[in-house]
Amino acid sequence: MATQRGGFSSRLGFILAAAGSAVGLGNIWKFPFEVGQGGGAAFVVMYLIFCFVLCFPVMVAEIAIGRKTQLNPVGAFKALGYKNWAIVGYLGLASGVLILSFYNVVAAWAFGYFVDILFGTFNVGEQAFGTFVADYVKVGGYGVLFMLSTAFIVSRGVSGGIEKAAKILMPTLFIMILALIVYALTLPNAMEGIKFYLIPDFSQITGKVIYSALGQAFFSLSLGMGALITYGSYVSKKDNIVSAAAAITLMDVGVATLAGFMIFPFVFSQGIETDGGAGLIFMTLPGVFESLGSVLGIVVGALFFLLLSFAAFTSTISLLEVPTAYMVDEKKIPRSKATWIVAIFIFIVGIPSLLSAGAVDSLTHFVTLKGAGDKSFMDFVGLIASDTFLPLGGFLIAVFTAYVWKKENFNAEMANGDEEIRGSWLQSYVDFAIGYVCPILLGSIFIVTVLDNFLGIRILDILFG
Ligand code: TRP
């Protein structure tokens, strides 16, 4: 059984693959624009706290469930003897399919920008982003390419595909980001950017900022849908999973933090507003690169979007792996075949998202929600999967671990490969967090999302003024 499923060949391989899952568009695209909208350093402080206090314990729980059962999220709950809880696994599968369906489109934007900048076919200008994303034939082409590459890696298996890719991509990503930071810091006004990023103004902290920082931390660490149950299922019984989870959290937080040191000097060097939202990366930065002059602009711009593509790639790999593992374990379909079936299916699910960035009007203005207002199809899927399903999934995983599977069993699995954890303060904290902190915070995010976006009840304003 174990040999058919495959597994990571080393602890480092697992850490890099899981860090690759975590480090993605969430770190380099979303984190800086959330910082920009959420008042700078105050957001960063909240984000860091939530990564360790809330997310780290959930990560340990997910890895423990996976390693204990050596199965995909659906099979894992069943194998522990709780058939009804397999619903959490199915919820995770649905989240994975939905998230990958639109995530692949954004990844295609990043990769398309890379190619266009490199070959000089990029049009800088006011309307460049809008024109680019509305060109569904072109973006669709890059999307096919991105999904094919993802499926190629996943089809090769855990150690021969996922682990190998992570071992090459993660160090390269790290070098690229360092090079870009060193360069960004030489730009005029770079220090203004750093100040905005590092000096917190705590008066900026509102209910909304806390809510965004919580959601961002949780998404960034790839939690709530069993991605880490799945990766955990390939980890050796001899490995220390608590220290592995700590290393994964640190790497993810590290890359997000580094991304800020790169983006804000870029943005401030041009005297641009920081609250550009989702367009901060795709609309603002190309102008910055252009102003560097032709050759330098091409090198820096292409390097930046290649970095973004690499980050997205290790994440799409993990998103595809979850439903693939389900097909392999539960439906007994050979890995390679399972991968292609799932990848094609998800690409099709993503077509309306592809068309919802300007190409088709009814998808671009898909729904008007009571609270969240006008949403494109893509934004709507994001709202359902990333903002609603993931916190709900995380809440259920925490409740399951603490009260159904029970702390003794959880702690026993934690202690496999780490005898010293028994009775330590760290174990006490993880247990406390899984039992109280995580259910309360994750349950709250879920409730706020539903009330605020779907029902138009501004609960955060009511509570925090
Ligand atoms: N964490 C990734 C990012 O920050 C996205 C991602 C990959 C993800 N796999 C996931 C998010 C599983 C939630 C669950 O871009």
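For clarity, every value in this text was computed on a predicted model and none was experimentally measured. As the structure lists them, so they are numbered: ligands from 1, and atoms in each ligand from 1. Count residues from 1 along the sequence.
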Answer yes or no: is there an ion pair linking Lys78 with Asp329, defined by an N-O contact shorter than 4.0 Å?
no
What do you reckon, is OH of Tyr136 surrounded by more than 12 foreign heavy atoms closer than 6.0 Å?
no
Considering only protein heavy atoms, which is closest to atom 11 (C) of ligand 1, and at what distance to one decimal place?
Phe219 O, 3.4 Å
CZ of Arg156: more than 12 outside heavy atoms within 6.0 angstrom?
no
Counting both backbone and side chain atoms, is some N or O of Val23 under 3.5 Å from an N or O of ligand 1?
no
Determine whether the side chain, the backbone, both or neither of Ala22 has a heavy atom under 4.0 Å from any heavy atom of ligand 1.
backbone
Atom 15 (O) of ligand 1 sits nearest the protein heavy atom Tyr103 OH, 2.5 Å
At a 4.0 Å threshold, what atoms of ligand 1 neighbour a non-hydrogen atom of Asn27?
4 (O)
In terms of heavy-atom contacts, Cys51 and Cys55 come closest through O-CB, 3.3 Å
Please identify which atoms of ligand 1 are closer than 4.0 Å to at least one heavy atom of Ser220.
1 (N), 4 (O)
Where's the contact between Leu390 and ligand 1, heavy-atom distance under 4.0 Å: side chain, backbone, both or neither?
side chain
Report the nearest protein non-hydrogen atom to atom 9 (N) of ligand 1: residue, atom name, distance rounded to 0.1 Å.
Ser318 OG, 3.1 Å
Closer than 4.0 Å to some heavy atom of Ser315 - which atoms of ligand 1 meet that?
2 (C), 7 (C)
Counting each atom of ligand 1 from 1 as listed, which ones have a heavy atom of Met225 under 4.0 Å away?
12 (C), 14 (C)
Looking at Tyr82, I'd like to know if its OH atom is crowded, meaning that more than 12 non-hydrogen atoms belonging to other residues, nucleotides or ligands lie closer than 6.0 Å.
yes
Atom 8 (C) of ligand 1: of Ser222, Gly26, Ser386, the nearest heavy atom sits on Ser222
Give me the one residue out of Val105, Asp116, Asn104 that meets side chain to side chain contact (heavy atoms under 4.5 Å, CB included) with Tyr142.
Asp116
Can you find a heavy atom in the side chain of Leu25 that is under 4.5 Å from one in the side chain of Ser315?
no
Do any N/O atoms on Leu25 end up under 3.5 angstrom from N/O atoms on ligand 1?
yes
I'd like to know if the side chain of Ser222 reaches the main chain of Ser21, judged simply by a donor and an acceptor atom lying under 3.5 Å from each other, with no hydrogens or angles considered.
yes
